[in-house]
Amino acid sequence: MDETSLLAVSGGPVTRSRISSDLDALGLCAGDVVMFHTRMSALGYVAGGSATVIGALRDVVGEDGTLLVYSGWNDAPPYDFVDWPAEWQDALRAEHPAYDPVVSEAAHDNGRLPEALRRWPGAVRSRHPDVSFAALGAAAEELVADHPWDDPHGPGSPLARLVDRGGRVLMLGAPLDTMTLLHHAEALAQAPGKRFVDYEQPVLEEDGGRVWRRFHDIDSENGAFDYSAVVPEGEDPFEVIVRDMLAAGIGRQGRVGAADSYLFEADQAVDFGVAWIEEKLGSTGP
């Protein structure tokens with residue numbers, strides 16, 4: 001869609017003040033700790049791009065608020081490199097750069113905003129290479145500090161701390177299946193057949209050296225559970241869960257720019273996700 005079409009769809013340029021006003025109407029408040037997901041193209045023609053969106057978010061949450069994004073690592077070695085020929089593995093182990101929270105790019109699949117936020121002056125990023133988060137604001141250090149090497153979506157993770165801080169999740173035109181917080185629900189859910197992955201990635205040591213570490217986590221790439229029996233074919237499980245969440249009255253809906261957007265309380269979203277998984281798939285808990 002060209003800029004003229006975007007302007008027509010969005011009712012004109014989507015400016016910083018317009019985004020701020022729309023976020024205020026949606027219910028975002030000063031002091032909020034908020035994890036956000038954005039599909040820029042859905043917002044319309046955003047005058048100034050990523051910086052405008054981040055600026056508007058900061059305008060609303062203020063100095064006492066905090067922004068959080070899932071960033072990941074765009075250039076992480078693939079999980080299956082251990083199945084490569086030995087000489088290929090040796091070459092990778094010898095020279096693949098270590099994950100560096102300061103310079104390693106956020107995963108491109110997550111759109112423009114995570115990379116923009118993690119490069120923002122004052123932003124901090126968690127130490128976990130595959131599941132890194134970036135944060136900016138008053139509670140940023142607290143959210144990302146000491147990100148657990150294993151079970152990085154579970155207790156002690158930035159997602160868990162978002163819940164503990166009474167945080168919120170904001171979907172700015174982003175598809176419902178991108179709600180990363182539901183991986184925390186998967187990590188907590190006591191249901192049969194939970195799937196895990198083990199993988200290796202290079203990280204920096206405290207002295208600046210490079211070391212390969214082994215990690216253990218839920219399978220967030222292919223699905224921590226087999227949802228095929230409870231989710232219609234062709235539909236994404238997270239989208240189904242979020243739709244059911246909205247139908248249950250959890251979350252607020254509004255327009256930001258041209259985009260249908262949603263605001264959720266993080267604790268309510270996790271509680272609903274855990275209950276949904278355990279009810280649909282069966283609980284193995286007490």
Side-chain angles (χ1 to χ4, degrees), residues 33-37 66-82 92-93 96-111 113-120 122-137 139-165 167 169 178-189 194-224 238 266 270 273:
V33 178
V34 59
M35 181 176 185
F36 67 96
H37 303 266
T66 307
L67 307 179
L68 178 71
V69 291
Y70 169 66
S71 57
W73 179 19
N74 191 66
D75 299 303
Y79 289 173
D80 65 354
F81 86 89
V82 293
L92 192 77
R93 290 186 184 280
H96 196 292
Y99 165 74
D100 183 339
V102 177
V103 301
S104 296
E105 289 187 17
H108 295 176
D109 289 348
N110 299 325
L113 269 297
E115 176 66 7
L117 186 80
R118 74 119 193 133
R119 296 179 65 176
W120 202 274
V124 291
R125 190 177 183 189
S126 68
R127 68 182 184 178
H128 198 287
D130 199 58
V131 190
S132 71
F133 289 79
L136 176 68
E141 292 278 2
E142 176 188 338
L143 288 174
V144 304
D146 302 320
H147 193 168
W149 295 121
D150 291 323
D151 196 15
H153 292 96
S157 69
L159 296 175
R161 291 173 182 174
L162 175 71
V163 173
D164 292 342
R165 291 277 311 194
V169 175
T178 62
M179 185 188 279
T180 302
L181 185 60
L182 287 178
H183 287 310
H184 183 52
E186 290 183 318
L188 298 178
K194 188 180 292 191
R195 299 186 292 211
F196 297 90
V197 289
D198 293 279
Y199 56 93
E200 297 176 66
Q201 292 183 349
V203 296
L204 292 175
E205 295 184 291
E206 290 186 7
D207 62 3
R210 172 177 158 278
V211 62
W212 283 83
R213 288 191 67 103
R214 189 168 181 84
F215 302 93
H216 179 75
D217 190 17
I218 58 170
D219 188 350
S220 60
E221 182 174 347
N222 299 307
F238 279 15
V270 170

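Each residue takes its place number in the sequence, starting with 1.
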Under 3.5 Å donor-acceptor, [X] side chain and [Y] backbone:
{"X": "R127", "Y": "P101", "result": "no"}
{"X": "R118", "Y": "V102", "result": "yes"}
{"X": "H184", "Y": "H153", "result": "yes"}
{"X": "H147", "Y": "P158", "result": "no"}
{"X": "R210", "Y": "P202", "result": "no"}
{"X": "K194", "Y": "D219", "result": "no"}

For [X] versus [Y], what's the shortest heavy-atom pair and its separation?
{"X": "P129", "Y": "V203", "value": "CG-CG1, 3.7 Å"}
{"X": "P148", "Y": "D151", "value": "CB-O, 4.5 Å"}
{"X": "I218", "Y": "A224", "value": "CB-CB, 4.0 Å"}
{"X": "A140", "Y": "T66", "value": "N-CG2, 3.7 Å"}
{"X": "A160", "Y": "G154", "value": "CB-O, 3.6 Å"}

Taking side chain as C-beta onward, heavy atoms only, is [X] less than 4.5 Å from [Y]?
{"X": "V197", "Y": "Y79", "value": "yes"}
{"X": "L92", "Y": "W212", "value": "yes"}
{"X": "V169", "Y": "L162", "value": "yes"}
{"X": "S126", "Y": "S132", "value": "yes"}
{"X": "L68", "Y": "V33", "value": "no"}
{"X": "E200", "Y": "V82", "value": "yes"}
{"X": "H96", "Y": "F81", "value": "no"}

TODO: Using a cut-off of 6.0 Å, state whether more than 12 heavy atoms not belonging to R213 lie near its atom CZ.
DONE: yes

Task: Ring centre gap for H183 and Y70 strictly below 6.0 Å - done: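 No.
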
Open item on the list: One pair to check against side chain to side chain contact (heavy atoms under 4.5 Å, CB included): L67 and V34. What are the steps and the verdict?
Closed with: CA-CA 5 Å; L67 307 179; V34 59; 3.7 Å; yes

Open item on the list: Between F215 and W73, does the ring pair (Phe, Tyr, Trp, His ring centres under 6.0 Å) criterion hold? Intermediate values first, please.
Closed with: CA-CA 15 Å; F215 302 93; W73 179 19; 9.8 Å; no

- [ ] Show your working on side chain to side chain contact (heavy atoms under 4.5 Å, CB included) between Y99 and Q201 and close with a plain yes or no.
- [x] CA-CA 8 Å; Y99 165 74; Q201 292 183 349; over 6 Å; no

- [ ] Look at the rings of W149 and H128 and say which category their plane angle falls in: under 30° parallel, 30 to 60° tilted, over 60° perpendicular.
- [x] tilted

- [ ] Any chance you could lay out the side chain to side chain contact (heavy atoms under 4.5 Å, CB included) test for M35 and L159, step after step, and finish with the verdict?
- [x] CA-CA 9 Å; M35 181 176 185; L159 296 175; 3.7 Å; yes

Task: side chain to side chain contact (heavy atoms under 4.5 Å, CB included) between L143 and F133, worked out - done: CA-CA 9 Å; L143 288 174; F133 289 79; over 6 Å; no

